[in-house]
Amino acid sequence: MASIDDQLENLASSLTSRLPYCSGTLDIPLTNFVLFYGKEQDAHRVDLLNASEDELKRLAETCDVATFGMGQESVHDESYRKAGKLDVTQFAMHFDATLVGLAETVFADLFDGDETSSVRAELYKLNVYGPQSFFKSHVDTPRSDDMFGSLVVIFPTRYQGGALVLRDGGEAWMFDSAETLSRQSEKPRIAYVAFFSDVQHEVLPVQSGYRVTLTYNLYFADASPVPAVPVTRPFPQAKSPFEVELQLLLDDPTFLPEGGHLGFGLSHLYPIHANVLRDFGPTRTIPLAKLMSHLKGSDRQLRQSCSNLSLKLSPRVIYKDRSEELSVLCDHIVDFPSDETFENDPFWSFLREKEGGKLLNTPPGSEYSGSDDGADVTVYWVTRPSQTDQADCFFLTYGNEPGLDYTYMQACLIVDVGAVGKRATA
Ligand SMILES: O=C(O)CCC(=O)C(=O)O
Ligand SMILES: [Fe+2]
């Protein structure tokens with residue numbers, strides 16, 4: 001008979017990590033390569049399909065230096081980012097990622113053809129990476145809790161280098177647009193890459209020439225009944241390996257015979273409005289509720305499988321009391337009072353008594369088989385969540401712009417499994 005640890009490990013390995021990005025090339029009409037740009041009265045026109053070195057140099061010289069965000073500040077530091085930028089008021093193109101169907105295509109690709117929501121692409125900047133330009137590793141700053149990703153469109157100007165490297169969960173991928181665009185093609189094309197914004201990425205130095213890009217922020221929008229542009233969707237998989245594995249466990253009478261709770265650390269980070277910390281009202285459960293419709297990658301796969309198997313899935317935040325090595329599970333983001341509160345009353349007991357938190361008997365990171373003494377809930381961790389506590393629940397990293405009102409939150413998902421014979425909980 002397999003032990004619970006073996007069963008959980010098997011389940012964890014079936015939760016395949018999904019690509020956090022998609023890339024490719026797209027034919028677009030000739031008129032879509034023309035860029036108009038300038039500041040004040042002075043305007044220029046350049047065809048990015050046949051642009052000369054001089055034309056691109058002039059474009060690069062018109063650009064402002066691109067800054068990046070460090071916490072709340074906008075920083076210009078050429079050891080971190082060397083590139084030029086134009087704001088949307090300083091250029092115009094007929095090219096539109098939504099009109100050519102690109103926004104829908106990357107959405108279908110990133111979300112496996114999920115039709116429960118759709119995408120809104122917002123043009124953000126034009127960037128020019130001239131010789132020796134680059135952008136070191138960063139995550140993109142969330143601009144709202146609906147934002148899930150970024151789309152970069154790269155025009156076929158002459159350049160070498162400037163590949164985009166993405167890193168997630170110990171893996172790395174490279175999209176070399178210069179190499180992709182230099183391959184023979186009958187029709188003029190652009191290259192594109194779209195990725196979840198919380199994925200670390202960097203632009204390697206451009207060796208020669210000018211790499212010209214448009215960047216878009218990608219947001220969840222309500223699903224439209226009829227797509228504006230017909231797109232080919234990848235065929236959705238009937239059943240994921242994870243769902244098959246979970247179904248097998250549910251059918252196994254030795255697996256949690258009395259029922260129980262399975263815990264999953266999220267594989268992505270999700271934006272949250274920073275103001276939520278100051279809000280003492282019941283709205284503090286909203287960010288976690290919203291999270292459920294904004295899941296990405298394998299987190300979304302988990303939601304799909306639980307829905308198919310009628311298992312209740314709930315988003316939770318884990319707070320760790322470092323001094324006592326205890327963890328508490330909360331159904332909302334906690335707005336902590338000043339430190340004095342914890343002088344008499346330990347942190348974990350404040351969460352439990354005042355915030356309705358549940359004391360965990362198995363802090364994530366320890367063995368599954370803890371004792372139940374005094375704990376409110378036992379969670380069997382399938383994938384370990386990152387540990388969160390008062391100090392580092394919210395964090396800011398190097399972003400592509402200063403942190404506005406949004407930051408990334410860390411959370412976990414708890415699946416309720418019923419006893420043998422009545423496994424369904426939803
Ligand atoms: O140009 C690219 O490929 C990525 C640019 C980027 O990461 C950004 O503008 O935030
Ligand atoms: Fe970025």
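All ligand and atom numbering here is 1-based and tracks the order in the structure. For this chain, numbers begin at 1 and follow the sequence in order.
- Side-chain contact, Asp198 with His268: a donor N or O sits under 3.5 Å from an acceptor N or O.
- Under 4.0 Å from ligand 1, not a single heavy atom of Lys85 appears.
- When non-hydrogen atoms are compared, ligand 1 lies under 4.0 Å from neither the backbone nor the side chain of Ile154.
- Here Glu202 has no heavy atoms under 4.0 Å from ligand 1, in either its backbone or its side chain.
- Geometrically, Arg211 engages Tyr129 in a cation-pi contact defined by less than 6.0 Å to the ring centre and at most 45° from the axis.
- Between Phe91 and Phe36, the distance from one ring center to the other does not fall under 6.0 angstrom.
- The ligand atoms of ligand 1 that sit less than 4.0 angstrom from a heavy atom of Arg81 are 9 (O).
- Using a cut-off of 4.0 Å between Lys/Arg side-chain N and Asp/Glu carboxylate O, Asp64 and Lys39 are scored as salt-bridged.
- Between His201 and ligand 1, at least one pair of N/O atoms sits closer than 3.5 Å.
- Aromatic rings from Tyr270 and Phe148 are positioned such that their centres are separated by 6.0 Å or more.
- For the ligand labelled ligand 1, residue Tyr129 lies inside the 4.0 Å heavy-atom shell.
- The Fe ion (ligand 2) sits nearest to atom OD1 when only the N, O or S atoms of Asp140 are considered.
- A distance of 6.0 Å or more separates the ring centres of Phe195 and Phe175.
- Looking at His201, its N, O or S atom nearest to the Fe ion (ligand 2) turns out to be NE2.
- The closest donor-acceptor contact from the side chain of Glu104 to the backbone of Gly101 lies at 3.5 Å or more, if one exists at all.
- Considering both main-chain and side-chain atoms, Thr213 never comes within under 3.5 Å of ligand 1 through any nitrogen or oxygen pair.
- Assignment of Lys125 to the shell around ligand 1 is not supported, since no heavy atom sits closer than 4.0 Å.
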